[in-house]
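Take a look at the structure below.
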Amino acid sequence: NTKKVVLESVSKSVGNRPDLQFFPEGGAMLNGYFNRVAFKTLGVNGRSMEVSGEIIDQEGSKVLDFSSERLGMGQIALRPESGKSYTAVIQHNGKKISYKLPNAIDQGSLLQVMDLGDKYQLNISTTDPKGMSGYSLIGDQKFGRVFNAELKGDKGKGVVRVPKNVLNVGIVGFTIK
């Protein structure tokens, strides 16, 4: 008595559609500011897939072209406008496939990290009318807090540089509070 077992690979892809996901730096896109948005594409087989296409607005106007850089991953720089929505359009097996980008928010803060070799530069923007006053930038790693800076100024933009030698090896999460 022999039983036949069939194994089927599990993929996040829906049907015959690749899975294209967008990840705004800092968690959300902020209207009126340039936002870095990473993306990752998985093919219907669940493996990384190279992709290229364009970002269009809700009226179908092309905003920008994009393409993955390596292993189906890449990033775009998008300045969303209030009241508009954005969609990525790719070609797959001769068909156009659309993917909605996350909606941008009108109020909030934006944190962008740049690697400058011996330090990280954190560019901070906020829509808060009082500017940076009252906010702090916190850096946490596996074993606790490694960085804490009080932000000052009545402007909606600021820059903080964090020397890498104050950080431990591993992932650091920066938070604006």
List the residues meeting salt bridge (charged side-chain N to carboxylate O under 4.0 Å, His left out) with [X], not counting sequence neighbours, and say none if there are none.
X	answer
D128	none
E54	none
D106	none
D154	none

Less than 4.5 Å apart, any side-chain heavy atom of [X] and any of [Y]?
X	Y	value
I55	I76	yes
K40	F23	yes
F174	I138	no
F147	V160	yes
T41	D19	no
E150	K152	yes
S85	K100	yes
I56	V63	no

Could you state whether [X] and [Y] fall into the same hydrophobic cluster, counting links through intermediate Ile, Leu, Val, Met, Phe, Trp or Tyr residues with side-chain heavy atoms under 4.5 angstrom apart?
X	Y	result
L111	L78	no
L151	Y120	yes
V51	L64	yes
V162	V113	yes
V166	L116	no

Does anything in residues 50-81 form a ring pair (Phe, Tyr, Trp, His ring centres under 6.0 Å)? List the pairs, not counting sequence neighbours. F39-F66
What pairs with Y135 under ring pair (Phe, Tyr, Trp, His ring centres under 6.0 Å), at least two apart in sequence or on another chain? none
Does K155 NZ have over 12 foreign heavy atoms under 6.0 Å away? no
Please give me the minimum heavy-atom distance between [X] and [Y], naming the atom from each residue.
X	Y	result
P80	M29	CG-CB, 4.2 Å
N168	Q141	N-OE1, 2.7 Å
N148	S136	OD1-CB, 4.1 Å
A104	N31	CB-OD1, 3.1 Å
N35	Q112	CA-NE2, 3.8 Å

From [X] atom [atom1] to [Y] atom [atom2], the distance as rounded to the nearest 0.5 Å:
X	Y	atom1	atom2	value
R161	M114	CZ	CE	9.0 Å
R145	T175	CZ	OG1	8.0 Å
L122	I176	CG	CD1	8.5 Å
Q107	T126	CD	OG1	8.5 Å

Atom pairs and distances, side-chain donor-acceptor, residues 87-99, under 3.5 Å, sequence neighbours left out:
from : atom 1 : to  : atom 2 : distance (Å)
Y99  : OH     : P18 : O      : 2.6

Which other residues end up in the same hydrophobic cluster as [X], if Ile, Leu, Val, Met, Phe, Trp and Tyr are linked when side-chain heavy atoms come under 4.5 Å apart?
X	value
Y33	L30, I105, L110
V169	none
F143	none

I'd like to know if the side chain of R36 and the backbone of A77 have a donor-acceptor N/O pair within less than 3.5 Å. no
Would the distance check show the side chain of T127 and the main-chain N or O of G108 forming a donor-acceptor pair, the cut-off being under 3.5 Å? yes
Start with the C-alpha distance between R47 and L42, add both sets of side-chain angles, then the distance that settles side chain to side chain contact (heavy atoms under 4.5 Å, CB included), and finish with yes or no. CA-CA 5 Å; R47 295 183 180 202; L42 297 176; 5.9 Å; no
Can you list every pair that meets side-chain hydrogen bond (donor to acceptor under 3.5 Å, both in side chains) and has a residue in residues 64-75, with sequence neighbours left out? E50-S68, K62-D65
Filter on salt bridge (charged side-chain N to carboxylate O under 4.0 Å, His left out), then keep only pairs touching residues 112-122, sequence neighbours left out; what's left? D115-K164
